[in-house]
Amino acid sequence: MTDSKYFTTTKKGEIFELKSELNNDKKEKKKEAVKKVIASMTVGKDVSALFPDVVNCMQTDNLELKKLVYLYLMNYAKSQPDMAIMAVNTFVKDCEDPNPLIRALAVRTMGCIRVDKITEYLCEPLRKCLKDEDPYVRKTAAVCVAKLYDISSGLVEDQGFLEQLKDLLSDSNPMVVANAVAALSEINESSPTGQPLVELSTSTINKLLTALNECTEWGQVFILDSLSNYTPRDDREAQSICERITPRLAHANAAVVLSAVKVLIKMMEILQGDVEFCNTLSKKLAPPLVTLLSSEPEVQYVALRNINLIVQKKPDILKHEMKVFFVKYNDPIYVKLEKLDIMIRLASQANIAQVLSELKEYATEVDVDFVRKAVRAIGRCAIKVEPSAERCVSTLLDLIQTKVNYVVQEAIVVIKDIFRKYPNKYESIISTLCENLDTLDEPEARASMVWIIGEYAERIDNADELLDSFLEGFADENAQVQLQLLTAVVKLFLKRPQHTQGLVQHVLSLATQDSDNPDLRDRGFIYWRLLSTDPAAAKEVVLADKPLISEETDLLEPTLLDELICHISSLASVYHKPPTAFVEGRSAGIRKTLPARQGSDETHAPEATVIPNQESLIGDLLSMDLGGPAVPAPAPIAAPTSNVDLLGGGLDVLLGGGGPDLSGGVAPSTTGLLGDIFGITTTPTMYTPPKSLWLPADKGKGLEIQGTFSRRSGQIYMEMILTNKAMQAMTGFAIQFNKNSFGLSPSVPMNVTALQPGQSLEYSLPLATSGPVQKMEPLTTLQVAIKNNVDVFYYACQLPIQVIFVEDGTLDKRVFLTTWRDIPAENEVQYTLNDVKGSTDAISNKMTLSNIFTIAKRNVEGQDMLYQSLKLTNNIWVLLELKLTPGLTYATLSLKSRSVEVAPYIFQAYEMICKN
């Protein structure tokens, strides 16, 4: 008879009957009764009243009965803590049983009973089991330490269990080693300080690598995950680890393969200097990743999500494997969409023909979501691979001829982006697009079509009629279509003012008087005022050249990508979110990031800690000739495209003075749109610190100097108040600077004729940056000598570093991304800004006034991320990531530069600008 009989409904007085059966002398009867109790417990009945009777059944040699009683104990110990203590003696006794299975069972159960009163009794049996002669008991005890740590971390540390656990890493049995590693990893993950409690040493790593070949597949996963948190001492050790882990890539279990890939990618970050070794390793990584795509769909999806991250970090690994990502007819939709995403990431000039023929095929599928994404993919390929743009446009036109409604609408959306990327190149197809105007019913497609009509109104004879047809149902249109219609009609008016006055008045009236949408109303008012006050200014604003768009709009942030690479083969790599975003209680855990390259001594501390790097550009300021001849301006360069070296000769050009002007030659506007409209001429200025006392009167024989530094219209000034507190007039003023870090010197002689007794005089001295250079400590120190008819006086003052931020410190988004990746990880410094006030936009505007330019703004997991760049007068570039959380008064600032010595002063500038 099967065990189902235990789940059948029993007669009246069930608890009483079970109680008598549990106290029966016959072992078989007892076992049957305990099974009935467990069955009742499983279906949700309350059998806690039988606790003392079930505990009495523990005194048995029968392993099956003991397991059942332990199962009952684990379930009810929390609700009956006082009764559970009755079982402690039996646990302690069972931990010394001759049978290793019973010893292991006892220590495992005690670890699962989360009752504080029992925890203290667990320590002694656990200590013995950690040194047990049987490996099965030792491996069970190792996991029990992690469970105990979760209940009472202080107890584990006080009792020395962490040291015992560390000793188990040297155990002769590989399964014991694997469980010890798993326990230590769990303990490190839940560390309250955010710092690992147990550090791995070289000797320990060797023992783990030895155990790796012999333990089970899940043991291998635990060991590989631990190895991924280890930073080798040197390149030789990193190569040795890679060679010993590489055989794991051939494992049948996908989890082992992905864990091995994670370790190897992290090691490749360290070994970037050894190009040959990294190339060999890249070739070995491709086949196992490809093999994962032969598994069942669920495993394929997990593999594809991980491959998506790997391709963003190391695209070369799979650049020759495009065919394996081609979609099969029987793939589930979630696998199809993921494959499509990776195909676009791997698309290049070499394989674009294959990719386009595949995408065209996909666009005729029956699954609407998949077809939409396939059409968008064709557009993304056109933007990414410039030589293929014409073929892509031709393919899109073929798809439009199919007259399938959703295909046509998606095609128009992506063609709008193609026009943005390649202006004045494919406008001949506009007539074909206009033929499909009546079929468009989706807001995004309608908005895209309206944008095309407005942007190329001069080429469309009946543009006014087309736009007028949209205006008939203006009130019923989606907000994005209304906004595009307003802008398109204004563009049309500025291009053909004679025939479209009525149309523009009609749309402005609709936007400002009949609409409840504040965005639409505000834009309408701005256009109205612009057109009525200064049509020439309106033309410059509305018809200005648009910035070219980039194809890599969906790349993960570099810092987030590095963190996710460290979580390959975990849920984080499937969600593409850090664990803190979806695991409760992980906010204080260790934030993983890719290791710094060899030679880095970077440490993470609450305050910015900068250790000078011998290779940094500012390392020896004495050798920098900033007063040399001016570098001639380069010839104009073409707009950057996907197959051109965007850095124009690498990062050296970017960080030197002779590279191309990456800012596009457009100076940032200082008055803003409304200033143009209302004729406001006030120019917002950079934050200038208040004046401080530089030379007190007692040191200057009656001459007192207060001062600060400012920057106006690209010129640095030393702002001074000179006060004569002596009894005689002061004349014959002259000023001189000592050699300093940034080559500052007076650009004109000091022009103060006489200072009468009791007189104060404000004086601005313009400064140049072409003087002699010498590295000062601190870096911003400026030593000044001032002379008059009384004497020569010396004083030192501190330069606020923002005054040497130059006006051409903005970068193209793609150049910013490339540069961020090219600067080594050890050149990244983090800092926490406290007491930050104002919105993200307000802070960004403040920074722009101080020549800190926002390259991009994104919202990630509810946090606003500002990506900013600045350039110093000595051509040092600094890239920054400012992370702000709405509602919080602190922000995280990450800085990357070839010259990290400037970091503390940049952080100080951010503090000053944010708080003033």
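- The OG atom of S185 sits 6.5 Å away from the CG atom of N229 when rounded to the nearest 0.5 Å.
- Annotation: ring-ring contact (aromatic ring centres under 6.0 Å, His included) contacts of Y301 (sequence neighbours excluded): Y334.
- No side-chain heavy atom of S869 sits under 4.5 Å from any side-chain heavy atom of L880.
- Separating the CG atom in D417 from the CD1 atom in I383 is a distance of 4.5 Å, to the nearest 0.5 Å.
- Contact detail for L340 and K373: the closest heavy-atom pair is CD2-CG, 3.4 Å.
- A donor-acceptor contact shorter than 3.5 Å is absent between the side chain of S850 and the backbone of M847.
- A heavy-atom distance below 4.5 Å is found between the side chains of L227 and L224.
- The shortest heavy-atom contact between I565 and K262 is O-CG, 3.7 Å.
- Judged purely by distance below 3.5 Å, without hydrogens or angles, the side chains of T892 and Q830 never pair a donor atom with an acceptor atom.
- K577 contributes no side-chain N or O that, together with a main-chain N or O of A572, makes up a donor-acceptor pair within less than 3.5 Å.
- S710 and R712 share a side-chain donor-acceptor pair at under 3.5 Å.
- One finds the CG atom of D316 at 10.0 Å from the CG atom of L346 (value rounded to the nearest 0.5 Å).
- Among all heavy-atom pairs drawn from R523 and L483, the shortest one is NH1-O, 3.4 Å.
- Salt-bridge annotation for E826 and K896: absent, with no side-chain N of the basic residue lying under 4.0 Å from a carboxylate O of the acidic one.
- Proximity of V145 to I187: side-chain heavy atoms (C-beta onward) are separated by under 4.5 Å at one or more points.
- Counting only distance, with no hydrogens or angles, the side chain of K883 and the backbone of M865 share no donor-acceptor pair below 3.5 Å.
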*Would you please test D369 and K336 for side-chain contact (heavy atoms from CB on, under 4.5 Å) and show each step?*
CA-CA 10 Å; D369 287 338; K336 284 181 176 178; over 6 Å; no
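- Shown here for L872 and V902, the closest heavy-atom pair between the two residues is CD1-CG1, 3.9 Å.
- Residues L309 and L561 meet the side-chain proximity criterion, which asks for heavy atoms closer than 4.5 Å.
- Judged as a ring-ring contact (aromatic ring centres under 6.0 Å, His included), and not counting sequence neighbours, Y890 has no contacts.
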*Where do K416 and E444 land on the salt bridge (charged side-chain N to carboxylate O under 4.0 Å, His left out) test, with the steps shown first?*
CA-CA 11 Å; K416 182 256 295 182; E444 195 178 0; 5.9 Å; no
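- In this structure a side-chain-to-backbone donor-acceptor pair under 3.5 Å is present from N306 to S569.
- Residues passing the side-chain contact (heavy atoms from CB on, under 4.5 Å) test with S515 are N517, L520, sequence neighbours excluded.
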_side-chain contact (heavy atoms from CB on, under 4.5 Å), that's the test. Do Y910 and Q868 meet it? Break it down for me._
CA-CA 12 Å; Y910 264 77; Q868 300 178 318; 2.5 Å; yes
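- Residues satisfying the ring-ring contact (aromatic ring centres under 6.0 Å, His included) criterion with F709, sequence neighbours excluded, are W694.
- K339 contributes atom NZ, which lies 6.5 Å from atom CG of L304 (distance to the nearest 0.5 angstrom).
- Nearest heavy-atom pair, D225 versus S259, reported as atom, atom and distance to 0.1 Å: OD1-OG, 3.4 Å.
- Under 4.0 Å is where a charged nitrogen must lie from a carboxylate oxygen, and between R711 and E807 at least one such pair does.
- Salt-bridge annotation for D562 and K313: present, with a side-chain N of the basic residue lying under 4.0 Å from a carboxylate O of the acidic one.
- Listed for the S741 side chain is a donor-acceptor partner under 3.5 Å among the backbone atoms of L779.
- Between E269 atom CD and L271 atom CG the span is 10.0 Å, to the nearest 0.5 Å.
- With hydrogens and angles disregarded, a donor-acceptor distance shorter than 3.5 Å links the side chain of Q312 to the backbone of L556.
- Taking the six-membered ring where the residue is Trp, F907 and Y831 present parallel rings, their angle staying beneath 30° rather than reaching 60°.
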*side-chain contact (heavy atoms from CB on, under 4.5 Å) evaluation trace for N851 with L870*: CA-CA 7 Å; N851 293 339; L870 63 92; over 6 Å; no
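- In this structure a side-chain-to-backbone donor-acceptor pair under 3.5 Å is missing from S844 to T840.
- Legend: salt bridge (charged side-chain N to carboxylate O under 4.0 Å, His left out) pairs involving residues 302-312, not counting sequence neighbours, sorted by first then second residue: R305-E338.
- Side-chain contact, Y149 with E186: no donor N or O sits under 3.5 Å from an acceptor N or O.
- With contacts defined as side-chain heavy-atom distances shorter than 4.5 Å, the pair R380/V414 does not qualify.
- A 4.5 Å side-chain heavy-atom check between L882 and L833 finds at least one atom pair inside the cut-off.
- Applying the side-chain contact (heavy atoms from CB on, under 4.5 Å) rule to T708 yields the partners T688, P689, K691, E719; only residues at least two apart in sequence or on another chain are considered.
- In this structure the side chain of L884 reaches within 4.5 angstrom of the side chain of V836, judged on heavy atoms.
- Within the 3.5 Å criterion, the main-chain N or O of K871 finds no donor-acceptor partner in the side chain of N875.
- The structure places CD1 of I852 at 11.0 Å from CG of L866, a figure rounded to the nearest 0.5 Å.
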*Does the side-chain contact (heavy atoms from CB on, under 4.5 Å) test come out yes or no for Y867 and L879, once each step is laid out?*
CA-CA 8 Å; Y867 298 92; L879 309 187; over 6 Å; no
*Do D341 and R345 pass the salt bridge (charged side-chain N to carboxylate O under 4.0 Å, His left out) test, and can you show the C-alpha distance, the side-chain angles, and the key distance before you say yes or no?*
CA-CA 7 Å; D341 207 29; R345 295 203 193 287; 3.6 Å; yes
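- Using modelled atom types, one side-chain atom of K384 and one backbone atom of I344 make a donor-acceptor pair closer than 3.5 Å.
- Within a 6.0 Å sphere centred on CG of D835, other residues, nucleotides and ligands contribute more than 12 heavy atoms.
- Using a distance-only test at 3.5 Å, with no hydrogens or angles considered, no donor-acceptor pair links the side chain of S897 to the main chain of V900.
- Residues H567 and P578 form no side-chain contact, since every pair of their non-hydrogen atoms from C-beta on lies 4.5 Å or further apart.
- Shown here for L486 and G524, the closest heavy-atom pair between the two residues is CD2-N, 3.6 Å.
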